[in-house]
Amino acid sequence: MQFFGGSDISPSPPAPTASGNNAHMMYVFNRNGVCFLYREWNRPLHTLNAQQDHKLMFGLLFSLKSLTAKMDPTSMDKGNLGVPQLPGQGCSFHSFRTNTYKLSFMETPSGIKIILITHPKTGDLRESLKYIYNLYVEYVVKNPIYTPGAPIRCELFNTSLDQYVRSIS
């Protein structure tokens, strides 16, 4: 980050590599804000415990969704800032970028929220998030021994997810 043309205050992220080391972490939340999947691939600094980290990420999403809905120039009904909206209602955001990471976001009609944190120079990941959701449906939702809302412990899903995420450039 630079302040008024000064020197860099925070370090730059590592350059993206051809080997797919661009994904840092991924969160999957249900509609109630419960994180039932968290994966890390390249997170050099851990500043919070897992529970605080999940609450902070869900709070960020909640705030951004509320803000984008409130600022929507196409809707006359702005509602109250902070009041949850149903998936697909109002204006939504897909991603934002900082100097050290890019957050990409997708929400399904059932309220599942998928967040992928990557290198800031990573391109549009909307199709990638749809593919990850399809992996989730195929390997987790259709699994007869999976209990909806429980943490995901499916090795086939984890392996397929890891392979795919490593291919994102």
Participant: Could you tell me how the ring of Phe29 sits relative to the ring of Tyr27: parallel (under 30°), tilted (30 to 60°) or perpendicular (over 60°)?
Facilitator: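 Phe29 vs Tyr27 ring planes: parallel.
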
Participant: Looking only at atom types and distance, does a side-chain atom of Thr147 sit under 3.5 Å from a main-chain N or O of Ala150, one as donor and one as acceptor?
Facilitator: no

Participant: Mind checking side-chain contact (heavy atoms from CB on, under 4.5 Å) for Asn134 and listing every partner two or more places apart, or none if nothing turns up?
Facilitator: none

Participant: Suppose we screen for side chain to side chain donor-acceptor pair (under 3.5 Å). Which residues come up paired with Tyr146, at least two apart in sequence or across chains?
Facilitator: none

Participant: Look at Glu107 together with Lys65 and state whether they make a salt bridge at an N to O cut-off of under 4.0 Å.
Facilitator: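 Salt bridge between Glu107 and Lys65, a charged N being under 4.0 Å from a carboxylate O: yes.
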
Participant: State, with a plain yes or no, whether a side-chain heavy atom of Met26 is found less than 4.5 Å away from one of Leu37.
Facilitator: yes

Participant: Just to verify, what does Phe105 make a ring-ring contact (aromatic ring centres under 6.0 Å, His included) with, not counting sequence neighbours?
Facilitator: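 For Phe105 the ring-ring contact (aromatic ring centres under 6.0 Å, His included) partners, ignoring immediate neighbours, are Phe93.
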
Participant: Has the side chain of Asn49 got a donor or acceptor atom that lies under 3.5 Å from a matching backbone atom of Gln51?
Facilitator: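 Side chain of Asn49 to backbone of Gln51: a pair is present.
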
Participant: Applying salt bridge (Lys or Arg N to Asp or Glu O under 4.0 Å) as the test, list every pair that has at least one member in residues 124-133; sequence neighbours left out.
Facilitator: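 Non-adjacent pairs meeting salt bridge (Lys or Arg N to Asp or Glu O under 4.0 Å): Asp124-Arg126, Glu127-Lys130.
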
Participant: Run the side chain to side chain donor-acceptor pair (under 3.5 Å) test against Glu138 and tell me which residues pass, sequence neighbours left out.
Facilitator: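 By the side chain to side chain donor-acceptor pair (under 3.5 Å) rule, Glu138 matches Lys142.
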
Participant: Could you check whether any side-chain N or O of Thr122 sits under 3.5 Å from a backbone N or O of Thr118, counting only pairs where one atom can act as donor and the other as acceptor?
Facilitator: no

Participant: Say whether Val34 and Met106 are linked into one hydrophobic cluster, either directly or through other cluster members, by side-chain heavy-atom distances under 4.5 angstrom.
Facilitator: no

Participant: Is there a donor-acceptor pair under 3.5 Å between the side chain of Arg31 and the backbone N or O of Ser110?
Facilitator: yes

Participant: Residues in side chain to side chain donor-acceptor pair (under 3.5 Å) with Ser160, at least two apart?
Facilitator: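 So Ser160 forms no side chain to side chain donor-acceptor pair (under 3.5 Å) with any residue.
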
Participant: Is there side-chain contact between Leu103 and Leu60, with heavy atoms separated by less than 4.5 Å?
Facilitator: yes

Participant: Does Gly123 offer a backbone N or O that forms a donor-acceptor pair with the side chain of Lys102 under 3.5 Å?
Facilitator: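 Indeed, once roles are kept as given, a pair shorter than 3.5 Å links the two residues.
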
Participant: Only counting residues at least two apart or in another chain, list the ones meeting side-chain contact (heavy atoms from CB on, under 4.5 Å) with Thr159.
Facilitator: Gln163

Participant: Distance check, rounded to the nearest 0.5 Å: Tyr136 atom OH versus Ile114 atom CD1?
Facilitator: 8.5 Å

Participant: Per the salt bridge (Lys or Arg N to Asp or Glu O under 4.0 Å) rule, what does the pair list look like for residues 145-163, sequence neighbours excluded?
Facilitator: Arg39-Asp162

Participant: Applying side chain to side chain donor-acceptor pair (under 3.5 Å), name anything that partners Tyr38, two or more places apart in sequence or on another chain.
Facilitator: Glu40, Arg43

